[in-house]
Amino acid sequence: GGGWEGGYELKRMTGRGEEDVRKMCRLDDVKKLRPGADPMASTWNVRSEPKVVKVWDIRASCLHARYQAGKMKIREDIDMMRRKGMEMKGVPDGKVAMHGKGGYEYNGERMSTSYDGVEGIGRLEKDVNERYLLHSPGLTILPSILTNGFNEHYAGTNAGAVYGEGCYFAENIGKRNIYAPRDAQYYEGDDVEMRRLYEKMWGAADENDHPGNVYYVLVCRVALGESVEMNEVPYTGGHAKKGYPGVFAMNDRAIQQGCYFRRELANIPGTSRPYHSLIGTAYDRWREFIIFDAGRIYPQFLVAYQRHP
């Protein structure tokens, strides 16, 4: 089932391409991280070094086409800004895959960008602030993401939505490791799509190579475009805090009426176009990147890993 058109395929990666993806899944030296903690980290071993088991290239032409259209819309917005004498700010320095001559850098290491996971997608595209970012999916929605892509309307179903109702990404696996659910064993239930996915990942049920107790992370291309930063947690005691002009397309009156969940970003100053992404910096240890339009996300690689102390 599946196939290239209208579905997805998983191709096991080897060689330089696999090594590049492995580098993106290395845990930061916790001693070098800034002080602070994630509010959910107390229940998860965030210091557990991932041991990558397998890396797959996700091949999904429909998702690729949607992503190309999403980047085109960002380019139109950026062109409009330039005509007004404005320039895209870009993403503040951090442990994001940054651009370099002939490649990109991640955690200071030069990596290959010659690997084309899907036809038509090559190097990271600086003009739309394209970055490799990580997302830990819930096990039950992983088949849907691989088939239909991300859906921002399901925000918070896996781990909450403190910065609004969007799709959440991180630049470091230490952050995503907090939310990754454990996959204890090979799936042999009744869900047809889950069975199909496990056959693609681990082989047929009677001869599968599932190692037990694995976790998954998606390495995605994300077009961040023009970002807005949010350095405070927007909710306190179940009530939305006021004072976020220029971040969400919502006024104080709407907040007072109980509209606590944010779906739309404010317009870029001087334009009628909304920001393309939000960078959450309320917690000192890790930044988060939130996308409110799933067309700006392309899940390119799937990684299975185990936690090792």
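When reading the values below, keep in mind they use all heavy atoms of this one structure, side chains included, and skip hydrogens, waters and symmetry mates. Here the structure is a predicted model, which is why all the values come from computation and not from measurement.
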Are more than 12 heavy atoms from other residues, nucleotides or ligands located less than 6.0 Å from atom CE of M72? no
When you check the gap from the basic side-chain N to the acidic O, do D209 and K54 get nearer than 4.0 Å? yes
If only side-chain N and O atoms count, and only distance matters, is there a donor-acceptor pair under 3.5 Å linking R273 with N267? no
Do R221 and Y67 have side-chain N/O donor and acceptor atoms under 3.5 Å apart? no
Under a 4.0 Å threshold between the charged nitrogen and the carboxylate oxygen, would R26 count as salt-bridged to E19? yes
First locate atom CD1 of I145, then atom CD1 of I297, and finally report the distance between them rounded to the nearest 0.5 Å. 9.0 Å
State whether R75 and D77 are salt-bridged, where the test is any N-O pair (Lys NZ or Arg NE/NH1/NH2 against Asp/Glu carboxylate O) under 4.0 Å. no
Does K51 NZ have over 12 foreign heavy atoms under 6.0 Å away? no
Do the side chains of I268 and M81 get nearer than 4.5 Å, heavy atoms only? yes
Hey, are D183 and Y216 close enough side-chain-wise for a donor-acceptor pair under 3.5 Å? yes
Tell me if the centroids of the rings in F169 and F150 come within less than 6.0 Å of each other. yes
Under a 4.5 Å cut-off applied to non-hydrogen side-chain atoms, are L265 and L278 in contact? yes
Ring pair (Phe, Tyr, Trp, His ring centres under 6.0 Å) involving Y187 - partner list, sequence neighbours excluded: Y198
Think R66 forms a cation-pi with Y298, using NZ or CZ under 6.0 Å from the six-ring centre and within 45 degrees of its axis? no
Where do M201 and W56 land on the side-chain contact (heavy atoms from CB on, under 4.5 Å) test, with the steps shown first? CA-CA 8 Å; M201 294 191 298; W56 298 274; 3.6 Å; yes
Are R195 and E199 within salt-bridge range, i.e. N to O under 4.0 Å? no
Does the side chain of D79 reach to within under 4.5 Å of the side chain of E76, using non-hydrogen atoms? no
